[in-house]
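Computed over heavy atoms, backbone and side chain alike; hydrogens, waters and symmetry mates excluded.
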Amino acid sequence: MTTVPFMPFQNESDTFTMDKLTVENRMDRISIYGSLDITKDKAGLEHAMLLKRLIDGTIDELKRDKQLPNHISLKEEDIVDNPFL
């Protein structure tokens with residue numbers, strides 16, 4: 001199980017992968033994509049606990065923001081040419 005703290009909405013660089021699930025930290029959102037099997041074994045329990053900590057931490061951070069808007073507009077990401085092609 002990961003011991004690195006994930007601080008939601010604090011930077012544009014934190015990312016981690018759990019099985020085939022990827023979580024990316026952004027200043028205005030947390031992106032979660034892929035898939036994760038939570039199996040009925042110790043590994044599944046660890047995955048479920050890690051996912052719960054991620055969601056609980058995100059909810060706590062959102063609740064702490066006293067000026068949380070009703071909705072934000074997501075900025076489109078800049079598309080850059082691949083320098084290796």
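Nearest heavy-atom pair across Gly44 and Ile38 is O-CG2, 3.4 Å.
Under the 4.5 Å side-chain heavy-atom criterion for grouping Ile, Leu, Val, Met, Phe, Trp and Tyr, Met18 is not connected to Tyr33 through any hydrophobic cluster. In the hydrophobic cluster analysis, where Ile, Leu, Val, Met, Phe, Trp and Tyr join through side-chain heavy atoms closer than 4.5 angstrom, Met7 is grouped apart from Leu62.
A distance of 5.5 Å separates CG of Leu36 from CG of Asp19, quoted to the nearest 0.5 Å. With rounding to the nearest 0.5 Å, the separation of NZ in Lys20 from CG in Asp37 is 6.5 Å. Atoms CD and CG, from Glu61 and Leu68 in turn, are 10.0 Å apart once rounded to the nearest 0.5 Å. Gln67 contributes atom CD, which lies 7.0 Å from atom CG of Asp65 (distance to the nearest 0.5 angstrom).
By the 4.5 Å heavy-atom criterion applied to side chains, Thr22 and Ile32 are not counted as neighbours. By the 4.5 Å heavy-atom criterion applied to side chains, Pro69 and His71 are not counted as neighbours.
Counting only distance, with no hydrogens or angles, the side chain of Asn11 and the backbone of Asp14 share a donor-acceptor pair below 3.5 Å. For the pair Gln10 (side chain) and Met27 (backbone), a donor-acceptor distance under 3.5 Å is absent.
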Evaluate the criterion side-chain contact (heavy atoms from CB on, under 4.5 Å) for residue pair Asp81 and Leu85; output intermediate values, then yes/no. CA-CA 8 Å; Asp81 291 331; Leu85 292 180; over 6 Å; no
Give the C-alpha distance, both sets of side-chain angles, the deciding distance and a yes or no for side-chain contact (heavy atoms from CB on, under 4.5 Å) between Leu51 and Leu21. CA-CA 10 Å; Leu51 190 57; Leu21 186 76; 4.1 Å; yes
Using the side-chain contact (heavy atoms from CB on, under 4.5 Å) rule, take Asp28 and Leu74 through it: C-alpha gap first, then chi angles, then the decisive distance, then the call. CA-CA 8 Å; Asp28 60 351; Leu74 297 178; 3.7 Å; yes
Phe16 and Asn25: side-chain contact (heavy atoms from CB on, under 4.5 Å), yes or no, with the steps? CA-CA 9 Å; Phe16 69 89; Asn25 203 11; over 6 Å; no
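Between the side chains of Asp41 and Thr39, a donor-acceptor pair is found at a separation under 3.5 Å.
Around atom CG of Asn70, no more than 12 heavy atoms belonging to other residues, nucleotides or ligands sit under 6.0 Å away.
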